[in-house]
Structures are given as C-alpha cells and as structure tokens.
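One structure is given below, encoded as structure tokens.
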Amino acid sequence: MILKNQIKSIASVIITILYLFNTAISYSQEKNNQSTNITVDYHNTTLKKVLKDIGTKSGIKFSYSSKIVPAGKLITYTAVNKNVEVILSEILTPLFVSFELIETHMVLNKMEEIPYEPEPIPEEKLYTLNGFVFDALSKEALIGAAVFVTGTSKGAITNKYGFYSLTLPDDEYDISVSYLGYQLHSFLVSLSQNKKQNFTLDPIVSEMKEIIVSSVEKEDFIATVNAARSQINPLQVRQQASTVGESDVIRSLGNLPGINFQSDMSGFFYVRGGNKDQNLVLLDEATLYNPVHLFGLFSPIMPEAIKQTNVYKANFPIEYGGRLSSIVEIHTRDGNKSHFSAAGSMGLLATRGSLEGPIIKNKSSYFASFRQSYFGTYLKKIAPTISDARFGDLTTKFNFNFGKRDRLYFTFYTSNDILMQNEDSETSGIQWSNQSLTLRWNHVFGDKLFTNTTIYGSNYDYKLYTSAAKNDYWNSFIGNTSIKTEATYFPSPNFKTKAGFKLASYKFNPGNYSDSTVSDLLKVSRTNSIELLAYVGAEQKLSSRIFVDYGARLSNWSNYGEAFVTYYTNYEADSTSLYQSGEQYFSEWMLEPRISLSVKLAKYSVLRLSYNRTVQHINLISNSIAPINSLEVWLPSGPNIKPKKADIYNLGFAQKLINKKIHFGFDIFYKNIFNEIGYAYHAQMLLNPYIEGEIRQGKSRSYGIETYFNKSKGKFTWQLSYTWLRSFVQIDELNFGREYPSLQDRPHDFSLVANYQLRPRWRINLTTTYLSGMRVTTPTSFYYYQGKQVPIYTKQNNQRLPAFRKTDISMDFQLHKNTESSYRHYLTVSVHNIFGRKNAMYLNFSKTYDEKSNSYLIPADHLNPEIQTATYRYSMMVIPSINYYFEF
Amino acid sequence: MKQRINILLILLPTLLGGLSCEKEIDWTTQVTNPNRIVVDAIFTSEYKAHEVILSYTTDTLNATPKMVTGAQVLVYYNNGSFSFKESSIQPGHYFSEIFSANSSTGYMLAFEIDGFKDSAVAQMASIESLAQLQVEPSDSLYRYQFNEDAPCMLEVYYDWSHNPAFSFNYGTSKAKEVFFNIDNIDVSKIFVPDKKRLDFPKGATITRKKYSLSVQHQEFLRHLLLETEWNGGMFDVEPGNVPSNFVNGSLGYFAVCRIISETSVY
C-alpha cells in the first residue's frame, strides 16, 4: 500500500516536471516567435485575417475579443522581413489596440490613453490641415465632428458648415475623425506643407437605426462637453414617443433638463424659469418668431429636414444673443449630393415627405420637405360651420460648391395655418404664417480663415379675419431683414478666434385692423428698428486641462419713424410725437461680455464655469395665461420699454461613468433678469394705442440645478434628467411690490426617455414626465356685486396646479428585412398619455354645472343664483395613433 | 368693427375644446379674510326708493355674505343730501326716500360704520333708445338675442308664470339675465366662455331695462367681467382685483345710470 502511494507521488512529481518543462519550451518558442522576422503584404484585408496570417507565419496564437478589437477593420500594410513585434505595433497602435504575451497567447486589448503630449517646440515649422468632414454616402457636411491626432488631445471640431482647421508641426500624423452615429476613421496624413483634406465618414448601419455614439471617448472630452448645451439628433426625435403620431423637434426639447412646456397642448416652452418670449429659435440663422402649428400642438419643422439642433441655456456662442433664456439653433440638411432619395410619412393628422438629391453630383444638392394636414376633415364633422382648417409647411435648401474655397447655401422656409368658419354667410377666422429665407456664402481665405456672410430675413404674420369676403382683418406682424458676416481664424489647435458684424432692420405692427374706417383711437403705431452688432470672441486652450472661451458683443438698438409715439408719466399718457419716416427717436448701446472656463479634472470629467450677459430688445406682449397662441403682438424696446438684460451664471460638471457607457452631468445656474416685463392688471392688449402704458417693468431671478444621466449605446438606451428650479419676479406695481413666484416657477421636473430594442426590427420607446404644476393666482376670498361672485386676490401666483404627469409609449417596427434594402419602411404605433392622466391647464371659479349640456357654464340667471364650482380644464387624454414612414 | 369681432369664432373653443375637457376640482383656496366692506349701489333715473347694499367679503365660494348693519349711509348732490335707512327685514340693505337721479347732477355716496368712512362719486351718462326686441327659437322654446349697439347694461326680466308646468320644471316663474355692451376689445371677450342658456316659453313677459354707462363705469365693468363672465375661456388673462371707485378701500361700485325700459309679451 505504502509502495503504491510512493509510486503515485513519484509519478506526480515526474508529470509536474514534464509539464513545467513543456511550458518553458513553449514560452521560449513564443518568445522566439515574437522576435521572428516575417514578410507580409495586406491590401484592404480585415484585421481578423491579418492576425490569422501573422499567427500562421510566426506561430503566435492571438487571443482577443471582437467587442474590443475592431476585427473587421480593413488593413493595408506591407513589411518585408520585419520583426513581428514591430509589425504588430505598426498595425495595432493606430487602432488603439495593445498586445501582450500572456503565457502562451498574445492577448490583444484596448490601449490605455496616451498621455498628453507636450506643446510643440517653437522652432518646429507649423502647417495647417483644413477641410470639411462629410457623410460618405450623402456627402452631407457634418457639424461638430472631431478631427484629432490619434492618441492626443490635439484636435478641432467642425463648425456649423462642417469645416475644420488644424495647425500642427511638420510631421506625419495619424488623424482620427469621429462623429455621432458614424464609424471612427483614421487617416495617415503627412504634413510637410499646408494641406486641404476632406474626410468622409461611414454611417453605422444597424438593423434599426439605434442611437449610436461612435468613439466619442476618443475625442477631446473638453470639446464635447459644453456647459448648458444640448444636442438633439433628429433620429432621437423620431424615436421619442410622439404627439398624435407626429414627431417634433421643438416638443422634444421638453425632455431636456431645465426646459418645460406650459402644458400638453402648448407650444410655449420655458427655459430655466425664463419667460416664453426669451427663447430664440433659429432655422439656418433666421429667426422663427412663432414656431408652432395648430396653436402649439406641433412645431412646423419636420425631423427629416433637420441635420442637427443645438440648445444653449447659458454660455451662448458669441455670435448669438437677443434673447435671455435660450438659443435653439436648428440646422437643416443640405441634401444628398451623391444620389436621389426620398422619405415620407402618413399619420392621423398630416402627411409629410421629403426629396433630396444632387444637382451636380458631389458638388451641389437640394433638399425639400413638405407637410400638409388633413385634420380639417375630422373637424368639419365636429363643427359643420368650419369651412377651412389646415396647416402646411415647406422647407427647401440648395447648396453649391464653387471650387474648394467657396460654398453657397440657400434656405427657404414657409409655414401656414388656417382656421376659418362660415356662419351667418360671413367667413371669419384665423390665419398665421412664418417665413424665412437665408442665403449664406462660405469662403476660406488661406488655410486658417473661414468666413461666412449671410443675408437673411424672416417674418411672422398673424391675421384674425372678421370678414374674409371684405378682406377685413386684425393683423399683427414682425419681420426682419439682416446681413451678417463672420470670420473665424484658426492660428493653432489651441486657439481659435471669431469676429462678426451684423446689421438688421425690423418692422413691427403691434396689432391693427385693416378696415380704413376704423377710428384713429384704435390705431396702434407701427414702428421700425435697426440693430447694429459687432462681436469678437476666442476659444483658447491654456493647457491640456484648461480651456477658456471669452468674448464680448457690442450692440446698438435704434427705433425709427414713421411712428406715433406716446410718452407716459406714471403710466398715464402725457404727450405724443409723430416721427417721420427714417427719423430716429430711440437709441441705446449695450455691451455683453461673456466668459467660460473649462477644467478637465480627470480623464473623463470636466468642470465648466461660465458667465454671460445677454440683452433682449424684442418683446412678446401678452398678458394671456392661455397655453396656446392668442392674439399676441411684438414690440421693440424703446422710450417706454427698457431693454431686458440678463446675467447668467453657470457651473457645470460632466463625467463618464461605468466603463464610459453612461454620461452624467449637472449644472448649477443663477439668472438675474433686469427690466423683466409684467402687465397692469387686466391690461388691454388688443387694439390699444396706449399698449405701452400697460407695461410694468421690474426684475426677476431664477436659480436651480439640472442633472442628467444618459446612456446612448447598446440595445437599451435612456436619458434620465431632473431639474430643481425656482423663479421669482418683483415689479413695484404688481403684488403690492412684493416678490412673487413666476408662472413658470415649477420646482421639480423629472423626465425619462428610454428606448429598448426588443428584436432586431422592433423597438419600444417610452417617455415619461413629472413636472410640478404651473403657478396660478387663485382667489383668497369673494364678494357679491350685482348677483355676481367676484374673486379677490391677495398674492400673485399663490398656488400651483396639480403636478403634470404623462407617459407616452410607442413601438417602432422596421418593415423591411434587409438593412441594405433600397426601400426602407417603418410603422410606429404610439399611445399618448397612456395612463390617461388628466393634466390641468388652468383653473376657474366662475362656472356652474349644467345638467342639460353636461358641462360647466357661466351662470345666466341673476335672480336665482346657482352654486359656482371650481373647475379645471385638462388636456388630451389617451390618444392612440399610427404612423407609416418610408424612405428610399 | 367691434360687432364684427364680436360675432367671431366659435371654432377655436370647438377645436380646442375637442382636445380638452373640463372637470370639477376639489380646490382648497388659501383663505385670507380681510373682512372688507362691499358696496353695491346703482342710482337710476327711475322714480323709486333706491337701494344701497353693504356686505362683507366671504371666505369661500358660494358662502352667504355677512351684511353690514347699523351703517350710516348718505348721498350728497349739488347742495343737498339725504340719508338711507336700513331695512328691518333685509339687514345690510339701505333704502332712500323716493327720488330719481338726473344727468345734470353729480352724486357722492358716503357711509360710515364703526368709525370707518368711505365714499364714491358718480355721474349719469346719456343713453340711446332700446333696440327692437329680438327673439329666436331655441328647440321648442325661445331665446332673447342681445342686439344693443351702444355701450349699455341691459337687464332682461322674464316672467313665465302663465305657464305653471315650465315654472315647475325651472323651479321658479321668474328669471333675469344681464347683458353688457362696453366699449372695449379684449381677447377674453372675443373668446368668451359659454353661458348657460336661459330659454323661455311662448307667452312670457319680457321686461328690458337698459342702463346707460359712463366711461368709468364701463371700465369697472370690463374688470368685473374679466373676472366673472369672460373668465374661464380659452384665452384667460392674468387675474387681478376688480377696482372700485370708493376712495378708502371698500369694494364694489357706485354708479348712476339713466334707464329706459320696455315690457312686452312674446
């Protein structure tokens, strides 16, 4: 027995020794293999095949995960009798792949970030690489693409025309170009002279178009995280559960932290406690004064027409201003430069379509999108007196390349809403339209100077017909014609400067009646304004961790005749002056400084501090608390309306979490507004020649914290945001001079947008929102007068409506099986407000229940008073819809 | 033009009403009860005992107001004055001797209660004649159509006591509607909320009393209507207190109006 055990022990020892010996030999062989010289020659060969071939030739066994190593990457490489280790280094390093021999296998892994490289040695010659970044298929210029030296933080971001300029020392560079939803591309560039180099990126094709963020971790993180700026991809908009089947970029703003809509049916949005007129919506640089259809249910810009939308809530780019709370910058698509394509959709309320294609292949293109509603058909069934009810819009864009240095863009946009009724053989109703036209010319001087000159105009025209047959209508109008030129200079990767000049002329009609027989007592003076603006700003990288952005705007606002101006003392008209055409009667200069400082705290965390002053001269004059458009008018600042000014302070932080899959960020902000506008109680806004005497001005302030978590990769993507904010107003003549909460003081705003890819061709989308109720002024007591119960108020906006809660859900079905199919079509089934939450829009105390009509009505009988009750009107309940979308 | 604007748009409420609903809500108001005095007084050209009603504000909607009793109420005009006596059966209701107000005289209504004094002045405006009575069928009943052009307040009294069945169904044999035509153009007036229908049976006695309105009185009524009849539509404006012409903070309004009236059986 003992002998048996001894034999077993000896055998074990021998086996162990043999195993160790064998391993040592193998290790030695591998080591030898690693130092072996081999000859290879690859042309557009996948990395997987390359590794297999090297393994065959050198005897090395490779171990890697295709999730980490881009096995499908095409490699072109040649080496003759070269060391394997050198070959691997030359092939894998540009792909950010490291290799290490572990036991018997060469293990490939993701490369650690290469430390920041020192600044260029001054003696070195500097050359500029510049050009444009395009979509490889459509040749559409890509805004905000990162062009950077691989493994470093040296790089540039393409501007709104897709242009970049990068100045570097004389050398050979591996340049990487990355962009949201596109494959990362690397290009070897030898920079021994100034060079023009356009890059094209391939869009990532997936079964259903997922929101894919491609390799953004490779970008300079500072550049991608701009405090208080949000980017909205049109694809994201299409994937959000939509209102009545119509996806909508403006409504999707409500899912961003710090932005909320007055109600479900409202087109009015409020940013960080600012008022509804404090948001500037730009379509290819032209202002959209009233970007809503159907009183605010839809925005008139279709997702198909949009290339990118940027939303700024603080730290506005130096070229933008004129509003106090936000800038919404919408860039339309250029159109496909390589081939014709079309898309369209049919929903419950409207049908829409788009066409695009080359005019001259790869040089110029067109894009046109249009929408027409058919909801009037349903409406006529509900109300037979309605004679016409529809909305429509058209967006067209043409662009032309003239050589390598010049590009021309032309955008035209128009939208129209009509709602007419015929009663007692008289046709009356409402019509409004937005128009904008932009002509832009890009020119690149040398290699470092990019210029853009824009001539643009836009208007908003609102008519309330009292007799369409006689062409009698009330009309409110605002329009502008402007010219702007801007130059951006890129002297080095660490410094960029921008300067511009703008001249704009505005026309205001604050609501007049077309009938010439109307008494002069009802005529509200039209007025004209001119805005002159000069600005200069710079973006500077002070070190690898510190980035500063600073500048100032100097503007002049002047008002000109022909205008009839009333001057007031204590809000009572005391004198009037008639100013002849071209005669100046008001002028004011304003300086708007701006600065922001970004500090890269760690590899993926950035802290940004910013301050900017902004000025607003154009005011929407309305004392309506309705969630929809009423008969608003626009007035400029002038002798009776002081310009509104805001100081915005923002502290932002952004961090990538959990293996860089989740973005987390927060912004702490404080906004101080001077000359905030309020109105005398029960101010008369319609056909009031003394309308400016109804305006009261004071100050307001808002502050809060916005936080968000965002996962934008993979089958399950989501964005979670929460905002806490407070907003207050103080106007001497209102609320007994005491500060009071503003209408938009809604402390808690929570939203979740989630998309889950159930099957390769099915996706479910969910959007849920919780928002504190809107502030309302409610009576604190009542009294009787002539049989009427009259409310008494002691505090303005003293209570709030019940909290707003809504969950929308939708399912997208990809109907085509082949992702390469030329005809692609999708079906979206959605349910708006799936839990049927009755969200209050406003509150009322003056009605009584009427059994006959089963509704709440104003009491009529003054001899027999009826019980009045508190009622609220709530918006749309559960609304299912279906939408078919196609593209080819 | 005003008329043309007035006939405007039922379609907006139709459209937007189709996308929204109204419901009762159990709302708790933030009660502050300053216990302010409210004056309801209109002197007219009618030769009668005029009435001044003094009450206090109420804490809640539909509450019965506490009346102001034991006040001294006086009216001053030109070089004269007379006092009002409180009704013994209707506390807070003060009645004058019989008189008729006239347009050439300015009136000041003053009262005092527990050391608190307040007063307001008013003057009568002229009036145009009554428009022709316009009635339209409403199902099997009839409905008065307000058709006055000039600024006025019109009280329409209905008496259908000749029809006991209708009186029984309605709950009483008399009713009163008040219509206003004031010289203003407000969005809330254009998009006014629906009012209850007050239909009457054939053979009802209709008495119309048309009140003249001074400019100040119209302005007061504009504020009043914005907080009552015109409130609750699709385009409400920011709420505000209804002003008064009493100088020391009392609520309500003192007006002097010329009246023309007409009674007919339809």
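Just so you know, these numbers come straight off a predicted model, no measurement behind them. Residue numbering restarts at 1 for every chain, and letters A, B, ... go by the order of the sequence lines.
Counting heavy atoms from C-beta outward, K23(B) and Y874(A) have side chains that approach closer than 4.5 Å. Using a 4.5 Å cut-off on side-chain heavy atoms (C-beta onward), Y170(B) and N864(A) make contact. Inter-residue side-chain proximity for D194(B) and I858(A) is flagged as unmet; no heavy-atom pair is nearer than 4.5 Å. Residues C21(B) and R873(A) form no side-chain contact, since every pair of their non-hydrogen atoms from C-beta on lies 4.5 Å or further apart.
Between chain A and the options V187(B), D236(B), L226(B), V242(B), heavy-atom pairs under 4.5 Å are most frequent for D236(B). Chain A forms the most heavy-atom pairs under 4.5 Å with one residue out of K196(B), E229(B), R197(B), and that residue is K196(B). Comparing T228(B), L61(B), N231(B) by how many heavy-atom pairs each has under 4.5 Å with chain A, the most go to L61(B). Note on Y784(A), Y679(A), Y681(A): by heavy-atom pairs under 4.5 Å with chain B, the leading option is Y784(A). Contact count against chain A (heavy-atom pairs under 4.5 Å) is highest for G252(B) among S55(B), G171(B), S188(B), G252(B). Comparing D861(A), V790(A), N798(A) by heavy-atom pairs within less than 4.5 Å of chain B, the highest count is held by D861(A). Interface check for chain B: of the options A860(A), S846(A), A626(A), the most heavy-atom pairs under 4.5 Å are formed by A860(A).
The contact between S624(A) and chain B is made by backbone and side chain atoms together, counting heavy-atom distances below 4.5 Å. For P859(A), the part lying under 4.5 angstrom from a heavy atom of chain B is the backbone only. Interface remark: L221(B) contributes no atoms to any contact with chain A (heavy atom separation under 4.5 Å). For L224(B), the part lying under 4.5 angstrom from a heavy atom of chain A is the side chain only. Neither the backbone nor the side chain of S622(A) comes within contact range of chain B, judged by heavy atoms closer than 4.5 Å. Heavy atoms closer than 4.5 Å to chain A are found in the side chain of T172(B), but not in its backbone. Within the 4.5 angstrom heavy-atom criterion, only side-chain atoms of Q796(A), from C-beta onward, approach chain B. Both the backbone and the side chain of D850(A) come within contact range of chain B, judged by heavy atoms closer than 4.5 Å. When heavy atoms are compared at a cutoff of 4.5 Å, V39(B) approaches chain A solely by way of its backbone atoms N, CA, C and O. Only the backbone of A683(A) comes within contact range of chain B, judged by heavy atoms closer than 4.5 Å. If you measure heavy-atom distances from K795(A) to chain B, you find no contacts under 4.5 Å at all. For Y158(B), no part sits under 4.5 Å from any heavy atom of chain A, backbone or side chain.
Counted within 6.0 Å of NZ on K174(B), heavy atoms from surrounding residues, nucleotides or ligands total 12 or fewer; the atom is thus considered open.
Ring geometry for H682(A) against H223(B) counts as tilted: the plane angle lies between 30° and 60°, on a 0 to 90° scale.
Checked against the 6.0 Å centroid criterion, the rings of F235(B) and Y842(A) do not qualify as a close aromatic pair.
In summary, the side chains of N62(B) and Q789(A) do present a donor paired with an acceptor at a separation below 3.5 Å, with no hydrogens or angles considered. Judged by distance alone, the side chains of D40(B) and Q786(A) do bring a donor and an acceptor atom under 3.5 Å apart. For the residue pair T871(A) and E24(B), no side-chain donor N or O sits within less than 3.5 Å of a side-chain acceptor on the partner.
Atom OG of S781(A) is separated from atom CG of D59(B) by 7.0 Å, given to the nearest 0.5 angstrom. Going from atom NZ of K189(B) over to atom CG of L686(A) covers 10.5 Å, rounded to the nearest 0.5 Å. For the atom pair CD of E155(B) and CG of L863(A), the computed distance is 9.0 Å after rounding to the nearest 0.5 Å. Atoms OG1 and CH2, on T778(A) and W27(B) in that order, are 6.5 Å from each other to the nearest 0.5 Å. In this structure, OG1 on T869(A) lies 9.0 Å from CG on D26(B), to the nearest 0.5 angstrom. Separating the OH atom in Y785(A) from the CG atom in L251(B) is a distance of 11.5 Å, to the nearest 0.5 Å.
Side-chain atoms of T58(B) come within 3.5 Å of backbone N or O of F782(A) as a donor-acceptor pair. Checked by atom type and distance alone, the side chain of Q799(A) pairs as donor or acceptor with a backbone atom of T28(B) at under 3.5 Å.
The shortest non-hydrogen separation linking I625(A) to P239(B) is CD1-CD, 4.4 Å. Of all heavy-atom pairs between P791(A) and N241(B), the closest is O-OD1, 4.2 Å.
Interface with chain A: from residues 205-212 of chain B, no residue qualifies, criterion being any non-hydrogen pair under 4.5 Å.
Salt bridge annotation for K788(A)-E227(B): absent, with no cationic side-chain nitrogen under 4.0 angstrom from a carboxylate oxygen.
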